There are 2 protein chains.
Amino acid sequence: MRAILKEENLLTPEEALQKLIYSLSPSTPEIEEVDIINSLGRISASDVHSPLDLPPFSRSTVDGYAVIADDTPGELKVIGKISIGEGKDLKVERGEAVEVDTGATIPRGATAVVKVEETIREGDTVKITKKLKFGENIGWVGSDIPKGTLVLRKGERITPEKIALLASVGINKVKVYRKIKIYIITTGNELVKPGESLSPGKIYESNSYYLASRLRLKGYEVVGTSLVSDDKEKIREELYKGISSADVVILTGGTSAGEKDFVHEVIREEGKIIVHGIKFKPGKPTILAEVKGKPVFGLPGNMVSTIMISEQIVEKYLSLKNGGEIDDYITVKAKAINKISADKKRFTYIPVFLFKREDEFYCLAVPFDSYMIGTFSLADGYIGLNPGEEVNEGESVRVYVRKLDTSPVYIGEEEPTIMSKLPQPFRMLPLGSLAAIKALKYGIGDILVVSDIYPEDVKEKEDLVLERDVMEVGDGDEIGYWEWVGISKIVQNPVVKLRYPSSALNFIGKAKIFVPSTILNQGKAIRRERLKVFIRNSKFKNHL
Amino acid sequence: MRAILKEENLLTPEEALQKLIYSLSPSTPEIEEVDIINSLGRISASDVHSPLDLPPFSRSTVDGYAVIADDTPGELKVIGKISIGEGKDLKVERGEAVEVDTGATIPRGATAVVKVEETIREGDTVKITKKLKFGENIGWVGSDIPKGTLVLRKGERITPEKIALLASVGINKVKVYRKIKIYIITTGNELVKPGESLSPGKIYESNSYYLASRLRLKGYEVVGTSLVSDDKEKIREELYKGISSADVVILTGGTSAGEKDFVHEVIREEGKIIVHGIKFKPGKPTILAEVKGKPVFGLPGNMVSTIMISEQIVEKYLSLKNGGEIDDYITVKAKAINKISADKKRFTYIPVFLFKREDEFYCLAVPFDSYMIGTFSLADGYIGLNPGEEVNEGESVRVYVRKLDTSPVYIGEEEPTIMSKLPQPFRMLPLGSLAAIKALKYGIGDILVVSDIYPEDVKEKEDLVLERDVMEVGDGDEIGYWEWVGISKIVQNPVVKLRYPSSALNFIGKAKIFVPSTILNQGKAIRRERLKVFIRNSKFKNHL
């Protein structure tokens with residue numbers, strides 16, 4: 001008999017994070033002082049105020065002559081020169097000028113600088129025909145950064161701009177927190193390391209690869225990763241290795257309360273479980289715990305859950321532990337080009353493709369399940385919906401951006417004879433006719449391909465028509481496709497639903513497949529299919 | 001006599017980049033193979049296609065029983081169990097079920113999985129009351145990523161998501177380009193290293209700090225940096241050091257055609273100048289050159305020019321040399337809350353502060369000159385305008401985002417008694433009344449402070465009024481402020497214009513300053529000033 005995590009008792013990710021913070025306050029690591037050139041990406045451990053004015057003295061912003069603005073236009077006597085880097089103390093009186101380099105000190109009394117190309121010099125006289133304004137071509141002392149300005153905030157991540165600013169005000173060392181150390185343990189009898197061979201029923205382990213690189217990118221130190229089978233004692237051993245070598249331990253897999261969910265058991269035996277189970281999809285069976293005074297996170301085994309829970313809870317806790325504010329993600333408002341629905345009971349995160357047209361964003365959500373690491377990794381971002389929430393087509397929605405790809409894009413039915421002719425880089429989204437129809441409607445995408453088998457027709461005139469046969473190959477159970485794909489409409493009793501026709505090749509000899517003749521010209525032609533090709537970017541006309 | 005770079009002969013940054021690419025094709029460095037865990041941030045040197053389907057076999061997405069959907073509801077005979085990671089080959093016939101774990105192989109013949117919590121098990125019989133849909137709780141083989149899908153593109157920067165995807169499809173090594181090596185030389189008699197003491201006329205060197213950290217962040221290897229004075233032979237020596245140890249050399253300073261502009265002379269003598277001078281503000285005296293077959297960039301000495309030219313030309317060339325596409329910057333559309341004007345003759349880049357309200361962005365451009373590294377570093381992004389272009393208040397403009405800061409924000413007159421009471425983190429933008437009035441109008445900012453000395457009045461009712469005296473301290477030349485600051489209106493003949501009152505303290509004993517009594521209660525009170533405080537975020541009411 002299994003213990004079930006009842007939805008109604010679960011906390012939201014935000015509540016779960018707050019409960020963890022309350023139970024186990026995220027204490028900051030030790031402070032160390034580093035040279036600013038080595039501080040990139042580190043977290044400042046103190047407020048830093050500028051010890052000087054910037055500029056430190058009033059400087060000329062051009063090569064020219066420092067004068068009293070009221071003396072212009074006129075002929076002035078050149079009483080000297082101040083080069084850049086010189087500390088010469090000169091004073092300009094009425095009728096006088098001092099030659100200055102760009103960046104040189106402004107002599108006392110001067111209120112403007114005339115550019116050298118706007119003067120005529122004869123001996124020790126300079127003729128200025130222009131009337132100068134007060135302050136022209138002068139960068140006044142303190143006019144950029146007054147002394148005492150907060151130039152770096154405690155808890156702020158140090159960027160190249162901040163390093164440059166610290167250097168500008170003469171600071172060469174900065175206090176930062178020691179990097180937080182993290183140990184990652186992935187568990188599961190089904191897991192095999194990438195590079196090794198895959199026997200039936202096994203899959204490749206990717207959680208530790210994601211977590212280690214993501215957390216390194218965020219500035220943490222991953223001190224170790226390990227892969228263990230569902231063996232309670234081995235998990236216990238690894239947990240102790242993590243606790244003794246790191247500040248934080250993250251485990252994945254085995255977090256439900258079922259038969260082989262040893263991670264749950266070991267954490268319960270060795271420490272204190274603070275939260276078990278959250279109202280969140282994907283990622284329900286999450287564990288937040290304390291073992292020997294250190295935070296231990298148990299994430300669900302599936303990759304997308306790991307990514308989402310890491311972002312929603314682990315990284316936020318780590319940010320606080322780093323003395324920083326919670327990281328803000330880059331979000332944009334995008335118009336949904338198809339309807340998107342959340343799970344009825346849980347917060348739901350759905351990956352989307354993002355498109356930009358004239359500075360407006362559009363997003364397309366594709367049918368998704370939490371095992372789809374590929375779909376998630378290839379997507380541009382995701383949206384978060386409340387339980388039961390729906391976003392209608394055409395409505396605006398907030399997208400959490402993971403990447404922005406502005407390459408041209410192919411959307412619609414998979415057609416290799418077109419796809420292979422397009423120049424690199426080109427994003428290929430062979431998601432079927434529905435996606436192409438929506439793209440057409442909202443004016444996004446560069447090449448769009450719609451099948452005449454797909455029931456919804458388009459009024460716009462296509463640029464090309466390509467004909468192909470739908471081939472029926474083999475016997476037995478029928479392999480079908482997503483509803484978005486034209487061919488899906490002629491499969492009577494699909495036993496499998498795939499995303500693209502080319503993935504059906506897999507089933508040759510095992511079942512009856514339906515594929516376009518341009519992908520496999522074999523078997524029996526059962527239907528002629530007309531593909532309407534819309535070339536929305538004329539740049540690609542001559543490729544097709 | 002100086003050689004002047006005539007505007008009309010200059011190229012745009014884009015034309016200059018194209019000319020450089022044409023003259024010196026950006027050849028990629030050697031290819032090396034690395035373990036995927038070490039590939040974060042590297043550039044892929046080949047297209048990578050998935051060698052397998054994902055999932056590699058049809059899997060259950062829940063713990064439960066694999067059945068034929070048409071057999072439900074009903075009582076079925078349990079003929080066995082498949083655990084996760086097992087390769088057992090079972091087949092389900094009508095009336096039968098197989099117990100499966102989440103992630104386990106689906107037995108042949110099964111078309112759906114019922115969740116364990118929706119069943120009643122008695123002996124070898126399982127009772128299912130629900131009607132299952134075809135495909136329910138099954139992740140079909142290849143339904144996420146079909147075999148052959150392009151999972152990593154040549155020229156793509158490798159992210160944690162891509163590392164996870166490569167791992168998922170079993171790939172543990174990836175071909176990447178060797179990191180491009182860069183040598184940085186900063187020149188100028190006026191430059192002192194941060195941490196050393198500053199004598200009159202000198203400033204701190206910050207260009208190499210910016211460039212080195214920025215280029216490291218972008219994934220390049222900075223093999224050395226050096227600071228040299230305006231000494232032709234030392235510059236030549238350093239140039240050769242750079243050429244022999246790196247793929248690319250970047251110099252800053254000395255790029256005009258003036259007296260001490262030895263960088264220009266040395267590059268001309270040792271190599272071939274491809275572009276000299278671009279139509280761009282800031283950053284006109286830029287040099288693009290070739291020395292011994294390697295690209296050499298001569299950037300203007302001032303920091304903001306260095307940043308802009310690095311982004312507009314150097315980084316784009318390096319991206320191509322890295323085998324990648326030109327990096328796309330994150331841009332957002334923001335409503336300008338004040339009027340912004342470009343230089344009449346050159347492309348102009350102006351830093352802005354960004355504010356977000358209900359997913360809409362607003363931007364505020366502050367008076368700026370290219371020596372203002374502080375202003376630039378503290379800003380959130382910048383806008384680029386064509387020569388002579390103007391953006392009116394309320395119009396939308398594209399902003400290149402460098403950071404997004406969503407902390408609460410203080411905008412308006414500098415008033416230490418308020419600013420010191422606000423909780424950390426709080427962004428302080430004491431830019432004067434005009435900025436606060438615009439913020440009020442567009443509904444941005446959390447605490448806004450407007451002076452009654454500022455001529456433009458606001459109709460909205462303030463939350464607090466704070467009174468202070470304007471003090472006149474000392475004798476001699478009058479120190480004034482930007483037009484945005486209230487006090488600026490009572491300074492008769494300013495000889496200096498500063499950004500905030502606190503920076504005037506600098507001039508005590510040297511000139512006549514005007515400061516609020518809350519900053520310096522000294523001298524003679526000459527005017528009562530009323531500050532209207534608008535608390536736009538009620539969360540901060542009890543702080544004031």
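Quick caveat, the model's predicted, so the values are computed rather than measured. The chains referred to below are lettered A, B, ... by the order of the sequence lines, with proteins before strands, and numbering in each begins at 1.
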Problem set entry | Heavy-atom proximity to chain B below 4.5 Å, by part of Asp53(A) | side chain
Seminar exercise, completed: Greatest number of non-hydrogen atom pairs under 4.5 angstrom with chain A, of Pro430(B), Ser377(B), Gly87(B), falls to Ser377(B)
Problem set entry | Side chain / backbone / both / neither for Arg121(A) at chain B, heavy atoms under 4.5 Å | neither
Problem set entry | Portion of Lys202(A) that has a non-hydrogen atom of chain B nearer than 4.5 angstrom | both
Problem set entry | Interatomic distance, Asp144(A) atom CG to Met303(B) atom CE [nearest 0.5 angstrom] | 11.5 Å
Seminar exercise, completed: Counting heavy-atom pairs under 4.5 Å with chain A, the top scorer among Ile171(B), Asn207(B), Asn172(B) is Asn172(B)
Exercise. Between Leu217(B), Leu54(B), Thr111(B), which has the largest tally of heavy atom pairs under 4.5 Å with chain A?
Worked result: Leu217(B)
Problem set entry | Heavy-atom side-chain proximity of Ile145(A) to Leu378(B) below 4.5 angstrom | yes
Problem set entry | Per-residue contact mode, Glu360(B) against chain A (heavy atom under 4.5 angstrom) | side chain
Exercise. Checking heavy atoms, do the side chain of Ser50(A), its backbone, both or neither come under 4.5 Å from chain B?
Worked result: neither
For this session: Against chain B, label Leu215(A) side chain, backbone, both or neither, depending on which of its atoms sit under 4.5 Å from a heavy atom there.
Result: neither
Exercise. Once you round to the nearest 0.5 Å, how far does CD1 of Ile373(B) lie from CG of Leu165(A)?
Worked result: 6.0 Å
Problem set entry | Portion of Thr61(B) that has a non-hydrogen atom of chain A nearer than 4.5 angstrom | side chain
Exercise. With only heavy atoms counted, which part of Leu52(A) is less than 4.5 Å from chain B, the side chain, the backbone, both or neither?
Worked result: side chain
Seminar exercise, completed: If one checks every heavy atom of Thr105(A) against chain B at 4.5 Å, the contacting part turns out to be side chain
Problem set entry | Short side-chain donor-acceptor distance under 3.5 Å, Thr159(B) and Arg402(A) | no
Seminar exercise, completed: Interface check, chain A: of Tyr210(B), Phe57(B), Tyr209(B), Trp140(B), most non-hydrogen pairs under 4.5 Å belong to Trp140(B)
For this session: Please assess Glu161(A) against Arg214(B) for the test side-chain contact (heavy atoms from CB on, under 4.5 Å), listing each intermediate value before the final yes or no.
Result: CA-CA 8 Å; Glu161(A) 290 78 12; Arg214(B) 171 79 177 181; 4.3 Å; yes
Problem set entry | Test log, rule side-chain contact (heavy atoms from CB on, under 4.5 Å), inputs Ser407(A) and Arg153(B) | CA-CA 12 Å; Ser407(A) 310; Arg153(B) 205 158 67 189; 3.2 Å; yes
For this session: Measure distances from Thr149(B) to the heavy atoms of chain A and classify the residue's part below 4.5 Å as side chain, backbone, both or neither.
Result: side chain
Problem set entry | Structural part of Phe507(A) lying under 4.5 Å from a heavy atom of chain B | side chain
Exercise. Between Val141(B) and chain A, which part of the residue has a heavy atom less than 4.5 Å away: side chain, backbone, both or neither?
Worked result: both
